[in-house]
There are 2 protein chains.
Amino acid sequence: MNLSKRCEYGLRALIDIGIASELGRPRLQVSELAAKEKLPVKFLEQILSQLKAAGYVKSKRGKFGGYSLAKRMDRIKFGPVIRLIDGPLAPIRCVSETSYACCTCPDEVHCGLRMLMLDVRNAIAKILDRYTLAEIVEITLRKLHRDKVTPLFLQPSMRFVSILP
Amino acid sequence: MNLSKRCEYGLRALIDIGIASELGRPRLQVSELAAKEKLPVKFLEQILSQLKAAGYVKSKRGKFGGYSLAKRMDRIKFGPVIRLIDGPLAPIRCVSETSYACCTCPDEVHCGLRMLMLDVRNAIAKILDRYTLAEIVEITLRKLHRDKVTPLFLQPSMRFVSILP
DNA sequence: GAAAATCCTACTGCGCAAGTATGAATTTGA
DNA sequence: TCAAATTCATACTTGCGCAGTAGGATTTTC
């Protein structure tokens, strides 16, 4: 029931880029991201490259380059991103919607484990396929604002004024 | 988001023993279990040994030995069994109730990923910590009966008459 | 042209899942 | 009492995938 580190880092990066862009910094560099989240630069590079290939982010090379979102935040759902990096959400393949594989059990139709795991899969998918990056970013910003915490990626000169209602 | 084979086999075994016991065969041998589910005998042996150590099944040695449930079926919940074999249900450790570990993210309180994964963890736990073996066995038997399928573990001489209402 | 970034590909270590293998201990029936 | 059938205990194996490293190529800006 585990999210890989690779996937976790990828999602963090996406959320950070989303937050930054909402605050008027549409592009972030890998080194900034890595510094904030305290994770290996080179590894993150690979992950962002994968996210780029899948159309979630776009990049600008060279000095003052970096990554920005390639889609509207409200079009980025978490489920597909996780499937991209970690594979199916389902605990066992015989209940996967997106990459079903029949299991070895003698009678799939009457398999109790399958029924149970189908429930679990649906519960997971219900959350991850509904939540969008926009929602998570909004909630995060609201929380930060409520607690008067200045998020990173904001130059000291900039003031943290929420755009949110 | 994956269940290990070890865990899957363990749960299958538990369910099979439950079904068999409900049908009047309180004890099953590893070889029978392995044959029905088509999985390696020695591996299953190890798993059952683990389930025994944790108090879920008990065993009888020697000829006509085998494994039977050590608890009432309605006291066996799936969550704890899965945690025993595969570890925490939570996708990331910082949202685990049973074995929390702080994550490396800079601000756990305002971490959007954490909120999302907490939702997922709760959804998973809600299902797996509520369903009991008794329920899954009952549902399975009902389905089998409705479809007039004779479950395995039943000697040809025995007739499949559901005890259920 | 130098510096600063992304891009690309290959490599590595190592831990763990998924078994195998071997034999000891126990129970039963002949 | 012995042989067969079972569980019990422990050690070993094998392969793969996660979590990175490493090194250099390419692009952009000043």
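Each chain gets a letter, A, B and so on, in the order the sequences are listed, and its residues count up from 1. Note that the structure is a prediction, hence the values are computed from the model and not measured.
Where S4(A) and Y67(B) each meet DNA chain D at their nearest nucleotide, the meeting point lying more 5' is that of Y67(B). Mapping E45(A) and P40(B) onto DNA chain C by nearest heavy atom places E45(A) at the nucleotide closer to the 5' end.
Using a 4.0 Å heavy-atom criterion, one finds that Q29(B) contacts the sugar-phosphate atoms exclusively. Within 4.0 Å (heavy atoms only), K42(A) reaches at least one base atom of the nucleic acid.
With hydrogens and angles disregarded, a donor-acceptor distance shorter than 3.5 Å links the side chain of D107(B) to the backbone of V109(B). Remark: the backbone N or O of G65(A) is paired with a side-chain donor or acceptor of Q29(A) at under 3.5 angstrom. In terms of modelled atom types and a separation under 3.5 Å, the side chain of E37(B) and the main chain of C105(A) share no donor-acceptor contact.
The neighbour count for Y131(B) OH, taken as heavy atoms of other residues, nucleotides or ligands under 6.0 Å away, does not exceed 12. In K71(A), the NZ atom is crowded: over 12 heavy atoms of neighbouring residues, nucleotides or ligands sit closer than 6.0 Å. Within a 6.0 Å sphere centred on NZ of K58(A), other residues, nucleotides and ligands contribute 12 heavy atoms or fewer.
Per the geometry, CZ belonging to F43(B) stands 17 Å off P belonging to dC8(D), to the nearest Å. Across the protein-nucleic acid pair, M1(B) atom CE and dC18(D) atom P stand 14 Å apart, rounded to whole Å. Atoms CZ (R12(A)) and P (dA19(D)) sit 13 Å apart, rounded to a whole Å. Atom-to-atom, CD1 of I47(A) to C1' of dC18(D) comes out at 11 Å; the value is rounded to the nearest Å. Distance, L3(A) CG to dC18(D) P: 12 Å, rounded to whole Å.
The two residues L3(B) and M117(A) have their closest heavy-atom pair at CD2-CE, 3.9 Å.
There is a side-chain donor-acceptor pair under 3.5 Å between S59(A) and K52(A).
Here side chain to side chain donor-acceptor pair (under 3.5 Å) pairs that include residues 73-95 of chain A, with residues two or more places apart or in two chains, are S4(A)-D86(A), R72(A)-D74(A), R83(A)-D129(A).
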Please tabulate, for side-chain N and O atoms in residues 39-46 of chain A, each donor-acceptor pair with protein atoms closer than 3.5 Å (sequence neighbours left out).
| from | atom 1 | to | atom 2 | distance (Å) |
| --- | --- | --- | --- | --- |
| K42(A) | NZ | E45(A) | OE1 | 3.4 |

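Of the residues in residues 50-66 of chain B, those lying under 4.0 Å from DNA chain D by heavy-atom distance are K52(B), S59(B), K60(B), R61(B), G62(B), K63(B), G66(B). Listed in residue order, the members of residues 77-89 of chain A having a heavy atom less than 4.0 Å from DNA chain C come to none.
Not counting sequence neighbours, R27(B) has no partner by the salt bridge (Lys or Arg N to Asp or Glu O under 4.0 Å) test.
On the nucleic acid side, DNA chain C has its first and last nucleotide under 4.0 Å of a heavy atom of chain A at dA4(C) to dA10(C), going 5' to 3'.
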